[in-house]
2 protein chains.
Amino acid sequence: MRLFSMVDRSKLINPRDSRQLCAGAPLYAAGSAGLAWRVRHGVVRLDTPSPTGESAFASLAIAGDIVGCETLLFGAYTFSASALTHCELSPWPEGETATAGESLLESLAIAQRRAADVVALRGGQAVDRVVGLIRLLTDHGGKVVLPTRQDIADITNLRFETISRIIKGLERSGVLATVRIEGVHATRAYAVNLEAAVG
Amino acid sequence: MRLFSMVDRSKLINPRDSRQLCAGAPLYAAGSAGLAWRVRHGVVRLDTPSPTGESAFASLAIAGDIVGCETLLFGAYTFSASALTHCELSPWPEGETATAGESLLESLAIAQRRAADVVALRGGQAVDRVVGLIRLLTDHGGKVVLPTRQDIADITNLRFETISRIIKGLERSGVLATVRIEGVHATRAYAVNLEAAVG
DNA sequence: CGCATTTTTGATACACGTCAATCTCCGTGG
DNA sequence: CCACGGAGATTGACGTGTATCAAAAATGCG
């Protein structure tokens, strides 16, 4: 098994199989069965069903990550998944069985990296956590559509009032600026200048 | 590929290959190259090198988890690893190349589950986080050797003084009781009665 | 236009952080 | 065997960053 190279997977994707989700829409529920997915765009939120009945934030999945693979082993999802932002998913595995080992190894490495990112979003000062999350969500053009205050609060382990205050603060200090992106809710779409947040 | 079964891997392990580490001992450093390992006993702490030079807690690996697999893809470790408790590791992969896909899929599922556990340790009331960690560390006989206060603090995102106060409190309320296990530092080995912590 | 939902803002409380002084454990060497 | 020293743990007093509670304002939708 060759280990030091990666697969160009782009030609293997059939666009007809991909699935689009609006922000907030559920993808699957813990305990049910279904497909595993690869996140192609956007961000997925994973939740663990907690003993008390409600569910608690568990992790994030971003472009490139695989979600729900446990259903292939156990026949049921461990977590619930929902779209944090508008996103696009394609079924997994993608037919590259010949290179399955390599692809999986890469996915494992990505999962561990992602886990560390999420852990980092739950430590340090409140502002830094929020900025850290925004950094994760921002596209290369410097634009973000933020999740609801409540979602941000769940991820960073803060309260939505605190998130509101912080985001307003970032706006006032010029780190975030409201923009309108093709009809997207104006209070959630921002242009980002994160370098300013460092100083 | 059969997906709904798991591999009995026990007969594949060569005891001569396994490696023992004392609590606190480093396993590998971020950026260097080496083997990937499966954790057989004990708990490993992973740290990300932070921009400021120091390193920050990133994740935990417990019996069954795989650490350092990114070195097989990139030729360098992403995290630093050290033993949180006395632990035993064996090189990975373990020679079961025939079933590599299945084994990896299982590892990926475990990694995601573990990530959720660690995230949960950084949310909620301070006492609950500490109890949650102790729960993760406790063996089936109800015994734990706790890491240092500082390590617990790093993992739960609290300060070591706070951890000290909480653990003393748990002792006083009968949830933890100091015991002596074959010469192990008495202030770190405990018998646990975690049910008492729920009430 | 009016209603439900989300966001903002204010006032106040408290859990945990911070700083600093001991204390305990345990290895070392006289 | 005991004095010494260093690392980790404990404890106290005090400060502060967020949580909490409550109310108003903004937003989006039918």
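A note on names: the letters A, B, ... follow the listed sequences, proteins ahead of strands, and every chain is numbered from 1. All heavy atoms count here, side chains included; hydrogens, waters and symmetry mates do not.
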- prompt: Counting just side-chain N and O atoms, does A/Ser164 come under 4.0 Å of either OP1 or OP2 of C/dT8?
  reply: yes
message: So, OP1 or OP2 of D/dT11: does either fall under 4.0 Å of a side-chain N or O from B/Arg172?
response: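 So the side chain of B/Arg172 is within the cut-off, an N or O lying under 4.0 Å from OP1 or OP2 of D/dT11.
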- request: For A/Tyr190 and A/Ile167, run side-chain contact (heavy atoms from CB on, under 4.5 Å): C-alpha distance rounded to whole Å, both residues' side-chain angles, the deciding distance at 0.1 Å, then the answer.
  value: CA-CA 11 Å; A/Tyr190 290 94; A/Ile167 289 183; 3.8 Å; yes
Separation of A/Ile166 CD1 from A/Gln125 CD (nearest 0.5 Å):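 So the CD of A/Gln125 and the CD1 of A/Ile166 are separated by 9.5 Å.
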field: Distance in Å, A/Asn157 CG paired with A/Arg129 CZ, rounded so as to fall on 0.5 Å steps
entry: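 Between A/Asn157 CG and A/Arg129 CZ, I get 6.0 Å after rounding to 0.5 Å.
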Find the distance [X]:[atom1] to [N]:[atom2] and express it as a whole number of Å.
X	N	atom1	atom2	value
B/Phe160	D/dG8	CZ	C1'	9 Å
A/Gln150	D/dT20	CD	P	11 Å
A/Asp154	C/dT6	CG	P	13 Å

query: Between the side chains of B/Arg40 and B/Ser90, does any donor sit under 3.5 Å from an acceptor?
result: yes
message: Looking at every non-hydrogen atom in both residues, tell me the closest pair between A/Leu21 and A/Pro26 and how far apart they are.
response: CD2-O, 4.1 Å
Salt-bridge present (B/Arg45, B/Asp47; N to O < 4.0 Å): yes
statement: Going 5' to 3' through nucleotides 13-19 of chain C and flagging B where a protein heavy-atom sits under 4.0 Å of the base, S where only the sugar-phosphate is that close, and - otherwise, we get ---SSBB
